[in-house]
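Atoms within a ligand are numbered from 1 in the order they appear, just like the ligands themselves.
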Amino acid sequence: MLNKKRRYTDYSTYIKNKFGFRVQKISINAGFTCPNIDGSKGKGGCTYCNNNTFNPDYCKPIKPIKKQIEEGIAFFSKMYKSQKYLAYFQAFTNTYAPLNELKQKYEQALKHKDVIGLVIATRPDCITTEILNYLEQLVKDGYFIKLEFGLESTNNKTLDLINRCQSHEDAIKAFDMAKNREILLGAHIILGLPGESKKDMLSNAIAMNQLPIDTLKIHHLQIVKHTMMAFEYKTDASGFHFFTLEQYLDLIIEFLEILNPKIIVERFFSESPEHLLIAPKYGLKNFELVHKIEKRLKEKDSWQGRLFKKIM
Ligand code: SF4
């Protein structure tokens, strides 16, 4: 539900209302690979992909999942004594393995008494009815299960350009298979991909409204080291356009105005570690950008979904 104080439907309020206590995600690198890296779908991966940008120190190199959970909890419990945890299977494609292997990995995390559920990041073309049935059973057993599908764009031309090796139709199919199972369904998109106009980017918001999405993470395009995109950028930067901070704030406001107010927005921004980031460099933390967005929404007297009904 739209948070009147915040003018958009935010994830932390959702978690607070759902659980009534603090819940922290712990990133897990479970040693999966990706069909866009191992050659079964593509080779070399998405052009922007460098999985090192989101692996915190406690999950590298790959340690047993039990140990990653224990170390993650030891780290976060220093800040907040009483909280529960979600195991965040984040690196690479976390449903890309036979079901038995998935069960074994997920259940290692769920064995810890303070882990109350899973957040699983994956590609839309890597989900099966068999996996969904299993996840649905975990929900029935009392666990919180969230599936995060990386869409990145809803424009097939862009998906080709970034070597995503999936189509928007794959995303539609995945959401259709996964809906109505009490699994929280998330999507992830990137704003500022090469070749996309502002109109293309805003049309992602309309496409989100047409999917059974519960949560959305929005990121701006970042060029990080050791990626194909870094090479493309170095060779010819003319195909890349980076927003100034002001432009990005305005784009997010316009995006939010179109977005269904029922969609919980989990992120607007994140910046890769300094030593990996090539461009753009805003030097902001997520909470600082959230503050700026809230301020801009207030100044404009606008809110998430302001134009939702008009555009639908
Ligand atoms: S971004 Fe995700 S889908 Fe693309 S290559 Fe990297 S791990 Fe695979």
Side-chain angles (χ1 to χ4, degrees), residues 25 27-56 59-62 68 87-98 101-102 105-106 118-128 131 146-175 177-178 185-196 204 215-233 240 266-267 269-273 276-279:
K25 276 191 288 191
S27 285
I28 301 294
N29 184 343
F32 290 110
T33 178
C34 170
N36 199 14
I37 292 175
D38 71 5
S40 68
K41 270 242 140 167
K43 273 196 180 148
C46 309
T47 57
Y48 57 83
C49 174
N50 176 342
N51 267 267
N52 284 327
T53 54
F54 47 67
N55 277 339
C59 59
K60 60 177 153 169
I62 298 167
Q68 292 182 48
Y88 185 15
F89 287 79
Q90 184 181 19
F92 297 95
T93 300
N94 294 277
T95 55
Y96 185 47
E101 189 185 327
L102 296 180
K105 289 186 169 174
Y106 299 157
L118 306 174
V119 178
I120 301 166
T122 192
R123 291 169 56 91
D125 55 0
C126 281
I127 199 74
T128 62
I131 297 171
K146 177 171 186 262
L147 258 181
E148 271 181 20
F149 289 113
L151 270 53
E152 318 317 349
S153 173
T154 58
N155 181 329
N156 284 341
K157 250 167 83 182
T158 310
L159 294 173
D160 279 349
L161 199 68
I162 59 172
N163 193 41
R164 184 75 197 168
C165 294
Q166 78 185 35
S167 65
H168 184 53
E169 289 68 34
D170 290 327
I172 295 170
K173 188 171 163 217
F175 276 98
M177 286 164 71
L185 298 180
H188 180 284
I189 59 155
I190 301 175
L191 298 180
L193 286 167
E196 291 207 338
N204 285 324
T215 70
L216 178 63
K217 282 183 181 169
I218 307 166
H219 283 208
H220 63 286
L221 177 68
Q222 300 186 83
I223 300 190
V224 294
K225 291 181 185 165
H226 316 302
T227 62
M228 182 50 73
M229 199 172 266
F231 174 75
E232 290 168 352
Y233 180 63
F240 295 89
E266 196 172 344
R267 247 185 196 283
F269 180 84
S270 81
E271 198 156 88
S272 296
L276 287 172
L277 184 60
I278 297 174

| query | Regarding Ser40 and Asp38, is there a side-chain donor-to-acceptor distance under 3.5 Å anywhere? | reply | yes
Atom indices of ligand 1, in the order listed, that fall short of 4.0 Å to a heavy atom of [X]:
X	value
Arg123	3 (S)
Tyr48	1 (S)
Gly45	5 (S)
Cys46	1 (S), 3 (S), 4 (Fe), 5 (S)
Phe92	7 (S)

| task | Applying side chain to side chain contact (heavy atoms under 4.5 Å, CB included), name anything that partners Ala30, two or more places apart in sequence or on another chain. | result | Ile28, Phe32, Ile65, Phe89, Lys105
| task | Using the test side chain to side chain contact (heavy atoms under 4.5 Å, CB included), find all partners of Ile278 that sit at least two apart in sequence or belong to another chain. | result | Ile223, Lys225, Ala230, Tyr233
| message | Between Glu148 and His188 (side chain of the first, backbone of the second, donor and acceptor by atom type, cut-off under 3.5 Å), is there such a pair? | response | no
| Whether Asp160 side chain and Lys157 backbone form a donor-acceptor pair below 3.5 Å | no
| request: Kindly indicate whether the side chain of Gln90, heavy atoms from C-beta on, has any atom under 4.5 Å from the side chain of Lys25. | output: no
| Any N, O or S atom of Cys34 closer than 2.8 Å to atom 8 (Fe) of ligand 1 | yes
| query | Is it true that Arg164 lies under 4.0 Å from ligand 1, counting heavy atoms only? | reply | yes
